[in-house]
Number of protein chains: 2
Amino acid sequence: MTLNETFVALSDPTRRAILAQLVLGEATVSALAEPHRLAQPTISKHLKVLEQAGLIETRIDAQSRPRRLRPEGLKLIDDWLTPFRAQWERRLDRLEEFVEQQHDMESKK
Amino acid sequence: MTLNETFVALSDPTRRAILAQLVLGEATVSALAEPHRLAQPTISKHLKVLEQAGLIETRIDAQSRPRRLRPEGLKLIDDWLTPFRAQWERRLDRLEEFVEQQHDMESKK
DNA sequence: CAGCAATATTGCTATTGGGCAATATGAAGC
DNA sequence: GCTTCATATTGCCCAATAGCAATATTGCTG
């Protein structure tokens with residue numbers, strides 16, 4: 001459940017696709033495997049990584065082990081982004097200022 | 001400059017540390033190498049990954065090649081987070097609702 | 001232009017990580 | 001109790017990657 005585990009978990013496209021699937025709701029392992037051309041054990045491995053990172057959780061229903069999203073897990077990432085977000089918003093502000101200035105110039109012509 | 005490149009770039013702690021350093025402003029390669037117990041070529045390699053992902057850019061100043069942050073590069077990540085953010089905020093809303101309901105119950109005692 | 005300073009490139013090694021087939025486990029249904 | 005279904009675990013291979021030392025490159029500076 002560390003920041004690093006989370007980023008590592010997200011660095012694989014298959015795992016990101018699995019998360020995207022889970023936004024739509026709970027799904028079994030076989031349902032999660034189906035869209036990818038990957039063997040079941042491969043998917044199980046990915047699921048383990050995601051669970052270890054705190055991004056999904058497992059429920060038990062007879063033989064099946066449906067997974068569901070733990071969106072709060074992504075807060076670590078969101079928080080990490082904060083200082084950077086501040087920066088790109090500042091850039092946007094400067095751009096807006098610039099546009100406004102240009103506009104003023106125009107109207108003074 | 002793809003989403004995958006970006007996530008891969010962020011999946012290494014050294015590279016994240018470098019980005020964090022660059023929030024404070026432009027820095028030379030040797031300045032970036034200094035805090036880490038890593039050889040200079042190792043850092044240069046990391047910088048290449050970050051630049052390829054569009055997260056930093058290089059300026060040329062005599063022999064030195066100072067890097068600066070390109071915070072907009074992180075928008076890809078921020079955008080990817082959007083659908084998930086919606087989910088964890090909904091959870092928060094439900095929590096608030098619950099707390100309010102409890103509060104109502106209390107006041108009716 | 002010689003020599004130094006800052007960085008890039010190259011070539012190598014060791015580790016990690018994604019993939020698979022084969023097998024193990026555990027619950028359901030007959 | 002035996003079979004079947006869903007999934008986990010194990011053992012293996014190959015490719016990708018972080019790391020380094022050695023060397024190349026580029027631009028000052030004397």
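By convention in this document, chain letters (A, B, ...) are assigned in the order of the sequence lines, proteins followed by strands, and residues within each chain are numbered from 1.
In the model, S30(B) has no side-chain atom that pairs as donor or acceptor with a side-chain atom of Q40(B) under 3.5 Å.
At dA8(C), one or more side-chain N or O atoms of S44(B) fall inside 4.0 Å of OP1 or OP2 (strictly under the cut-off). An OP1 or OP2 oxygen of dT7(D) is reached within less than 4.0 angstrom by no side-chain nitrogen or oxygen of K48(A). Side-chain nitrogen and oxygen atoms of R15(A) include at least one within less than 4.0 Å of the OP1 or OP2 phosphate oxygen of dG18(C). Side-chain N/O atoms of R67(B) include one lying less than 4.0 angstrom from OP1 or OP2 on dA8(C). Phosphate proximity of dG19(D) to H46(B): present, with a side-chain N or O under 4.0 Å from OP1 or OP2.
E26(B) pairs in a salt bridge (Lys or Arg N to Asp or Glu O under 4.0 Å) with only one of the listed residues (R67(B), R65(B), R59(B)), which is R59(B).
At distances below 3.5 Å, at least one donor-acceptor pair connects side-chain atoms of R16(A) with backbone N or O atoms of L10(A). Here the side chain of T42(B) pairs no donor or acceptor atom with the backbone of L38(B) at under 3.5 angstrom.
The distance between atom CG of D12(B) and atom P of dA16(D), rounded to the nearest whole Å, is 18 Å. If you take CZ of F7(B) and C1' of dG18(C), they are 19 Å apart, rounded to a whole angstrom. Atom P of nucleotide dA8(D) and atom CD of Q52(A) are separated by 15 Å, given to the nearest angstrom. Note: CG (N4(B)) to C1' (dA16(D)) measures 13 Å, nearest angstrom. Rounded to a whole Å, the CD atom of E51(A) is 12 Å from the C1' atom of dA8(D). If you take CD of Q40(A) and P of dT25(C), they are 15 Å apart, rounded to a whole angstrom. Rounded to whole Å, the distance from CD1 on I60(B) to C1' on dC28(D) is 15 Å. Between the CZ atom of R65(A) and the P atom of dA28(C) there is a distance of 9 Å, rounded to whole Å.
When heavy atoms are screened at a 4.0 angstrom cut-off, S30(A) is found touching the sugar-phosphate backbone but no base atom. K45(B) comes within contact range of at least one nucleobase, with a heavy-atom separation under 4.0 Å. L38(A) comes within contact range of the sugar-phosphate backbone alone, with a heavy-atom separation under 4.0 Å but no base atom that close.
Within 6.0 Å of the CD1 atom in I60(B), the count of heavy atoms belonging to other residues, nucleotides or ligands does not exceed 12.
When the nucleotides dT26(D), dT7(D), dG26(C) are ranked by their closest atom to the side chain of V29(A), dT7(D) comes out on top. Nearest nucleotide to the side chain of P41(A), out of dA21(D), dA21(C), dA6(C): dA21(C).
Each of S64(B) and T42(A) was assigned the nucleotide of DNA chain C with the nearest heavy atom; the assignment lying further toward the 5' end belongs to S64(B).
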